[in-house]
Amino acid sequence: MQLHPQLQGCQLLAFDLDGTLIDSVPDLATAVDCTLEHLGLPAAGQQRVRNWVGQGSLALLQKALTNNDQGELFLDKEDPRLLEAHSYFLETYDRCKGEATCLYPQVEETLLALQNLDLPMAVITNKPLRFVPGILEALNIASCFQLLLGGDSLDYKKPHPAPLLAAAKYFGSQPEKSVLVGDSRHDIQAAKAAGFISVGVPYGYNQGEPISSSQPDLVINQLSELLNQGLAE
């Protein structure tokens, strides 16, 4: 079994989490709606939350409190209402984060197959790191990764290239031989800025935009296409 022809010779496989490996929107929406209810505001619902995910939890709450896809432009990060809502959201999400979150099709099988190629693998997400290990363990894929970076692990998060470059440095891999697989324009922007090979998946969260619009180096319809013959071998 080999990697896709465009990825052969790579030294690192890094993955976004939400929208790429897992569908976490049902639990995120529950936590968002509980937060809005706590503040006396109407619920947003899963579809709205699905359009808001991808830039980290603080940006998610900025959008939710303003009910606007560009909420970060209208609500300052230091606004007391936002800080209160964000704190309540994190507590609520911590309680419900694994109840309805699930892997996308063929993710577990593909990750296990990739392990046989003896390539280092990492998760690079904008989700706060405190939530990541438990979710991966509950979904039985924690052992696949040698490094986890969350949105609060460094001073910068995607689309800044810093987390990707930190992962490459950690494994001693060359950026041009490192891969990031993601579902959003922020993933592709981060990969391009870091000099990584960018792989886009079309099924995740990208604010309604096709991932092809960000011009990744490769678009795959499902994770198993990272392998040259899928999972057929």
Visitor: Should the ring pair F15 and F145 be called parallel, tilted or perpendicular, given that the plane angle runs from 0 to 90° and is split at 30 and 60?
Guide: perpendicular
Visitor: Are D69 and K63 within salt-bridge range, i.e. N to O under 4.0 Å?
Guide: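 Salt bridge: no.
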Visitor: If you compare all heavy atoms of L3 against all heavy atoms of C10, which two are closest, and at what distance to 0.1 Å?
Guide: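 Heavy-atom minimum between the residues: CD1-SG, 3.5 Å.
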Visitor: Quick one: does Q46's side chain have a donor or acceptor within less than 3.5 Å of a partner on V25's backbone?
Guide: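 No.
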Visitor: Taking 4.0 angstrom as the limit, do D94 and R130 come out as a salt bridge?
Guide: yes
Visitor: What I want to find out is whether R48 reaches D33 closely enough, with some N-O distance under 4.0 Å, to be called a salt bridge.
Guide: no
Visitor: Within a radius of less than 6.0 Å around NZ of K177, do more than 12 heavy atoms belonging to other residues, nucleotides or ligands occur?
Guide: no
Visitor: For the residue pair P163 and L149, what are the closest heavy atoms and their distance?
Guide: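 Nearest heavy atoms, P163 then L149: O-CD1, 3.3 Å.
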Visitor: Does any N or O in the side chain of D27 come within less than 3.5 Å of the main-chain N or O of T101, such that one atom is a donor and the other an acceptor?
Guide: yes
Visitor: Which distance, rounded to the nearest 0.5 Å, do you find between the CG of L111 and the CD1 of I141?
Guide: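 Rounded to the nearest 0.5 Å, the CG-CD1 separation comes out at 5.5 Å.
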Visitor: How many angstroms lie between CD in Q47 and CH2 in W52, if you round to the nearest 0.5 Å?
Guide: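 Reported value, rounded in 0.5 Å steps: 10.5 Å.
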Visitor: Calculate, to the nearest 0.5 Å, the distance between atoms CD1 and OH belonging to I211 and Y205 respectively.
Guide: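 That separation rounds to 13.5 Å.
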Visitor: Sub-3.5 Å donor-acceptor pair from the side chain of D217 to the main-chain atoms of I197, do we have one?
Guide: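 Answer holds: no.
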